[in-house]
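Please read the structure below before turning to the comments.
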Number of protein chains: 2
Amino acid sequence: MSLRNAVLAALINREASGYELAKQFHVSVANFWTATSQQLYRELDKMETDGLLSARVVAQERRPDKRLFSLTEAGRAALTDFTRQDPRPTTVRDELLVQIEALAHADVASVRSSIESRIASSGRRLESYEQRLAEILNGRTEEEFLATGNRIGPYLTLQRGIIFERENLTWGRLALTVLSRRFPTSG
Amino acid sequence: MSLRNAVLAALINREASGYELAKQFHVSVANFWTATSQQLYRELDKMETDGLLSARVVAQERRPDKRLFSLTEAGRAALTDFTRQDPRPTTVRDELLVQIEALAHADVASVRSSIESRIASSGRRLESYEQRLAEILNGRTEEEFLATGNRIGPYLTLQRGIIFERENLTWGRLALTVLSRRFPTSG
DNA sequence: CGCCGATACTAAACTTGTTGCATAGGTGCT
DNA sequence: AGCACCTATGCAACAAGTTTAGTATCGGCG
């Protein structure tokens, strides 16, 4: 039932196909929720059945048809309802941190290169979030935007994502420094 | 299979009962993995069957017996093996951020109080992480510890948790400021 | 000309994770 | 005396999420 709310939130500003949502749930939305395309298609069908979404089929040239989903009144009401509930505590799952916790029994070279990959992917994420932030600000300063802008919600969640990825970079560099000091590469 | 690795990592330094692990998976380990007690008991049984853990029953006075689990050689080997694998990307699930993303259709008063709860719980977490950090440092400066200490892994994962909760506090206060500005409380 | 990758979706099997209930004595508060 | 909460585990049912496969068309690359 939680994915459902994330989908409702993702459809506030524009209609989208399952395919588009799947991509989004791997980039921007990934900041606070993730889902595979299979989960999404299944959930979208159920949500349509439950009257939270309406779908329209759009025929395309040289492409399969797509179904664009948008919120119904019931969908918007369900969303408001959800914002009244107590949110569950954040859950984080990070296999890299499990590997680090297990450092005493780890293959250090392998862990080191996993940290490097993490730094790289956080860098890419950070770039894409910052680009999306620039789109939301749309030329205004943060000051101007906060006084008058109308996408405050997405602005705040993006800020959280940006902070998170920046701290991933800082932490990753710290971890590499510590490792190179305590487990020097031979040579 | 992922919970399994988190359990192995949690048992590196000491044996523990299912009950103790369950508590730990709600405090320190919660930093990078979470699990309910039911999940743990089921997984511990399977891991014992698979030879990764050995259990010994300890009779107690005025308490039910408990089973203390510890790593076997096969368990340690499985852990090392896991550190050689590519860690999956971090997944974050945060209902509060979903509610914020939906701000345009939200019950703002309710969301505001959810942010306040989040600030409170992040504060509590931060305190308990900092206490655990002090235990690990055990009187040494970070400099001394990093040069000679032997629980580098837990130190690094704790650092990540501390940073995360600090940023939760910073972000929460930002969010409250923005909300009070754009949705002033009547009166 | 054959292969890869993107678009767009569907289906089914499988693994994980959550919730509710049950057992059973102990401690601590009012 | 009664209630809530802690220790310590287990089972069953259900909800949620993952994996693996498949359909079909197009554009670009070498």
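Throughout, protein chains are lettered first and strands after them, A, B, ... in sequence-line order, and every chain is numbered starting at 1. Because the structure is a prediction, the values reported are computed rather than measured.
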In numerical order, the residues of residues 10-24 of chain A whose heavy atoms come under 4.0 Å of DNA chain C are A:Ser17, A:Gly18, A:Tyr19, A:Lys23
Just the table, please: protein N/O against nucleotides 21-25 of chain D N/O, every pair under 3.5 Å.
none

Exercise. Applying side-chain hydrogen bond (donor to acceptor under 3.5 Å, both in side chains), run through B:Arg56 and B:Ser70 and close with a yes or a no.
Key: CA-CA 9 Å; B:Arg56 64 187 186 95; B:Ser70 48; over 6 Å; no
Test: A:Arg166 and B:Glu167 ion pair at under 4.0 Å
no
With a 4.0 Å cut-off on N to O distance, would you call B:Arg112 and B:Asp107 a salt bridge? no
Those residues at least two apart in sequence (or on a different chain) that pass ring pair (Phe, Tyr, Trp, His ring centres under 6.0 Å) with B:Phe145 are B:Tyr155
Requested in this report: State whether B:Tyr41 places a side-chain N or O below 4.0 Å from either non-bridging phosphate oxygen (OP1 or OP2) of D:dG10.
Outcome: no
Test side-chain contact (heavy atoms from CB on, under 4.5 Å) on A:Val29 and A:Thr157 and set out the steps. CA-CA 9 Å; A:Val29 179; A:Thr157 57; over 6 Å; no
Exceeds 12 heavy-atom contacts within 6.0 angstrom, atom CD of B:Glu144
yes
Working for side-chain hydrogen bond (donor to acceptor under 3.5 Å, both in side chains), residues B:Thr83 and A:Gln99:
CA-CA 5 Å; B:Thr83 66; A:Gln99 295 184 345; over 6 Å; no
Grab the N/O contacts between the protein and nucleotides 13-15 of chain C below 3.5 Å, and write none if there aren't any.
none

Quiz item: Are B:Arg67 and D:dT7 close enough that a side-chain N or O sits under 4.0 Å from OP1 or OP2?
Solution: no
Expected list for residues 75-102 of chain A near DNA chain D, using heavy atoms below 4.0 Å, is none
Check your understanding: Can B:Arg76 and B:Asp81 be counted as an ion pair, charged N to O under 4.0 angstrom?
Key -> no
Taken in chain and number order and not counting sequence neighbours, the residues that satisfy ring pair (Phe, Tyr, Trp, His ring centres under 6.0 Å) with A:Phe25 are none
Whole-Å distance, A:Lys66 NZ to C:dA8 C1', equals 9 Å
Result for 5'-nearest mapping on DNA chain C, choosing between B:Glu43 and A:Phe69, is A:Phe69
* N/O donor-acceptor pair under 3.5 Å between B:Glu95 side chain and A:Arg88 backbone -> yes
One thing to verify: whether B:Asp50 and B:Arg4 come together as a salt bridge, which I'm taking to mean a side-chain N less than 4.0 angstrom from a carboxylate O.
yes
Walking DNA chain C from its 5' end, the first of A:Ser37 and B:Lys46 to be reached, judged by nearest nucleotide, is A:Ser37
